[in-house]
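Please read the structure below before turning to the comments.
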There are 2 protein chains.
Amino acid sequence: MKNAMTESSAAEFLQRYDAAHYEKPSFTVDLVIFTVRNEQLHVLLVKRAEHPFKGGWALPGGFLDPRRDDSVDACAVRKLVEETGVSAPYLEQLKTYGSRDRDPRGWIATTVYFALMVSDAVRLGGNQAAACWAPVRGDGVAFSLAFDHTPILADAVERLRSKLEYTHIAVHLLPEEFTLPELQRTYEIILQQPLDKSSFRRRVMQADMLEELTGRQRDGSGRPAQLYRFREYDRLTFFPRSISRHAR
Amino acid sequence: MKNAMTESSAAEFLQRYDAAHYEKPSFTVDLVIFTVRNEQLHVLLVKRAEHPFKGGWALPGGFLDPRRDDSVDACAVRKLVEETGVSAPYLEQLKTYGSRDRDPRGWIATTVYFALMVSDAVRLGGNQAAACWAPVRGDGVAFSLAFDHTPILADAVERLRSKLEYTHIAVHLLPEEFTLPELQRTYEIILQQPLDKSSFRRRVMQADMLEELTGRQRDGSGRPAQLYRFREYDRLTFFPRSISRHAR
DNA sequence: CCTTTTAGTTGCTTTTTGCAACTAAAAGGC
DNA sequence: GCCTTTTAGTTGCAAAAAGCAACTAAAAGG
């Protein structure tokens, strides 16, 4: 685009670049994978097979490999598949944490993603490591985690609750077909407060995001519930107003 | 904490770690610095002094230096001061972008922060490089930017608008003392739509975040306006409902 | 066929918002 | 001085939205 001289000096610069490169921090990607089972929010943890924190529980993740991973997002997807066998749930970048002290191996930055999935869909331990679903109480799990994973998990839980207030993401915690009472229960479990049935239904129906599966119902111990499917799995839609504030 | 054998094997592991380390991507921190001046949202851009994209406009930023920077956040603060001379405005992490292609020098990840500041407070060009405030129209600036900075800027603008909908962050674009019409104007400029005066004031006053500076007023061409100060500069508070949706 | 259980609706009250008209306090022209 | 213009700030009411509770609906089980 520019003249020949600029082009050649750019080429020279790039050639010399390797020699002059900055000292680099290490770079990892970690995952906070949420699911709801047994009426409780759970997070996926793995037992560390190596030092540091060998034998301790941690968020799944690991080093980004510039040869295999085309991008940070691709690395997150790769680790998600390795860990759960699931390829396309809801996956969103949370935040990047990096400092000199957070890992005894040195200056390491980690980009953390959070994922939502249906617990049945997951096949644990594909990565050879011991893994478990740990119930989330308050803003974390009952036991301590490796590295700075406890505050990271707390951030993820806060983000999840906050996004639940004004978006539809909870549908990603349910199978493709679900009922309105199931969806409401999911919100209640994560927000930790009961919601009014009629207000909840009004809100969801007005958002016009659900498609009624005509004639399909789910049986239970009472009247069968109508099944629905989420209309646009990719687009994230917003409620004009937060969902709790005035719970019942 | 564990037994001696575990301790010694951990020490050994850490000693051997350097040899076995992964190939690392390079790591930079970039800034999207917003201000409002002349009734328009502006973003700070710098002219690149070196290849690649030498002479082109880009978001300010650069390589993280593990020897100087204790953390990614600290690196962002350092670059903010280098670029603007301002140390403590509103600074929030936006997102991390990283891939093989986004920079001709190779696999580089960048963590992008976005900052809000009062335009008068800024002293440009402390970093020797040419810098300018570029007006934001729609979701970006009128000319093309280096690297993938155009979509990054679009993400930042979207995040700014979205946060304005349900938080108080606009106060950080104004000097410490400001009037309600000034605050409303700031919202209108960024959201690109007129807001109803009475609804706006009700909303802000109910949030109870402003402190009236009794007896202090700002003169203009009409009735003088009451001056206020934001009460809690650190805490971010939420409106229970988004601000636009039904504009006037 | 009566009770229990859960789903789903309806109607009314309360709260919140949108809107427009109103008052208030200054400046400037005449 | 007073009238017009300009911008700040308030008030009152209609419309919309949400909370709440009582209602109907559809199944299962004894």
Side-chain angles (χ1 to χ4, degrees), chain A residues 39 164-168 174 177-189 191 193-229 237-248, chain B residues 39 164-166 170 174-175 177-189 191 193-229 237-248:
Chain A
E39 303 274 291
L164 228 60
E165 287 284 348
Y166 56 92
T167 73
H168 290 116
L174 291 170
E177 303 186 349
F178 55 87
T179 68
L180 287 190
E182 284 166 357
L183 183 60
Q184 180 177 346
R185 196 75 199 98
T186 304
Y187 273 93
E188 290 175 336
I189 288 166
L191 294 177
Q193 66 189 188
L195 301 172
D196 176 67
K197 182 169 49 166
S198 122
S199 303
F200 181 83
R201 298 175 74 93
R202 200 160 37 198
R203 182 188 178 91
V204 169
M205 295 322 264
Q206 272 174 13
D208 193 38
M209 284 297 109
L210 299 185
E211 188 180 353
E212 191 178 316
L213 298 170
T214 41
R216 315 267 334 273
Q217 301 181 329
R218 173 156 303 163
D219 287 13
S221 56
R223 170 177 173 177
Q226 176 63 52
L227 280 170
Y228 291 87
R229 174 162 48 199
T237 34
F238 286 73
F239 297 120
R241 192 163 165 174
S242 73
I243 204 171
S244 59
R245 273 335 118 159
H246 291 281
R248 193 170 72 92
Chain B
E39 302 274 292
L164 228 60
E165 287 283 348
Y166 56 92
L174 291 170
E177 303 187 350
F178 55 87
T179 68
L180 286 191
E182 284 166 356
L183 183 61
Q184 181 178 345
R185 194 79 198 96
T186 304
Y187 274 93
E188 290 175 336
I189 288 167
L191 294 178
Q193 67 188 184
L195 301 173
D196 176 67
K197 183 168 50 166
S198 123
S199 302
F200 181 84
R201 297 176 74 93
R202 200 160 38 197
R203 182 187 177 91
V204 169
M205 295 322 264
Q206 271 174 14
D208 194 37
M209 284 296 111
L210 299 185
E211 187 179 355
E212 191 177 317
L213 298 169
T214 40
R216 314 266 335 275
Q217 301 181 329
R218 174 157 302 164
D219 288 12
S221 57
R223 171 176 171 176
Q226 176 63 51
L227 279 170
Y228 291 87
R229 175 162 50 199
T237 34
F238 285 73
F239 297 120
R241 190 163 165 173
S242 73
I243 204 171
S244 58
R245 249 12 95 153
H246 290 281
R248 192 175 66 90

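Order of the sequence lines sets the chain letters (A, B, ...), proteins ahead of strands, with each chain counted from 1. All values below were derived from every heavy atom in this structure, side-chain atoms included, with hydrogens, water molecules and symmetry-related copies excluded. Since this is a predicted model, take the numbers as computed values, not measurements.
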Original post:
Would you say the side chain of Tyr228(B) lies within less than 4.5 Å of the side chain of Met205(B), judging by non-hydrogen atoms?
Top reply: yes

Original post:
Do the ring planes of Tyr166(A) and Phe238(A) sit parallel (below 30°), tilted (30 to 60°) or perpendicular (above 60°)?
Top reply: parallel

**OP:** Would you indicate which nucleotide in dA25(C), dG19(D), dT5(C) comes nearest to any side-chain atom of Pro224(B)?
**Re:** dA25(C)

**OP:** Check every atom of dA18(D), dA8(D), dG18(C) against the side chain of Pro181(B) and return the nucleotide holding the closest atom.
**Re:** dA8(D)

Original post:
Once you round it to whole Å, what is the distance between P of dA21(D) and CG of Asp196(A)?
Top reply: 9 Å

Original post:
Of all the nucleotides listed (dG12(D), dA8(D), dT5(C)), which has the minimum atom distance to the side chain of Ser198(B)?
Top reply: dG12(D)

Original post:
Is dT15(C) paired to anything, Watson-Crick or G-U wobble with both distances less than 3.5 Å, and if yes, which nucleotide?
Top reply: dA16(D)

**OP:** Please report the shortest heavy-atom distance between Phe178(A) and Leu210(A), naming the atom on each side.
**Re:** CZ-CD2, 3.8 Å

Original post:
From dA18(D), dG9(D), dT9(C), pick the nucleotide closest to the side chain of Arg201(A)?
Top reply: dT9(C)

**OP:** With the side chain of Arg202(A) defined as its heavy atoms from C-beta on, choose the nearest nucleotide among dG18(C), dG11(C), dG9(D).
**Re:** dG11(C)

Original post:
How far does CD of Gln184(B) sit from CZ of Arg201(B), to the nearest 0.5 angstrom?
Top reply: 8.5 Å

**OP:** Let me know the distance between CZ of Phe200(A) and P of dA7(C), rounded to the nearest Å.
**Re:** 12 Å

Subject >> Any Arg223(B) side-chain nitrogen or oxygen under 4.0 Å from OP1 or OP2 of dA24(C) >> reply: no

**OP:** Could you tell me which nucleotide pairs with dA21(C) by Watson-Crick or G-U wobble geometry, both distances under 3.5 Å, or answer none if nothing does?
**Re:** dT10(D)

Subject >> Rounded interatomic separation in angstrom, taking NZ from Lys197(B) and P from dA24(C) >> reply: 14 Å

Subject >> Evaluation steps, side chain to side chain contact (heavy atoms under 4.5 Å, CB included), between Gln226(B) and Leu180(B) >> reply: CA-CA 7 Å; Gln226(B) 176 63 51; Leu180(B) 286 191; over 6 Å; no

Original post:
How close or far is atom C1' of dA26(D) from atom CD of Gln226(A), stated in whole angstroms?
Top reply: 13 Å

**OP:** Searching all strands shown, indicate the nucleotide that pairs with dA28(D) (Watson-Crick or G-U wobble; both distances under 3.5 Å).
**Re:** dT3(C)

Original post:
Atom CD of Gln184(A) to atom P of dT9(C): distance rounded to whole Å?
Top reply: 13 Å

Original post:
Side-chain N or O of Ser221(A) less than 4.0 angstrom from OP1 or OP2 on dA28(D)?
Top reply: no

Original post:
Given atom CD of Glu188(B) and atom C1' of dT7(D), what is their separation to the nearest angstrom?
Top reply: 14 Å

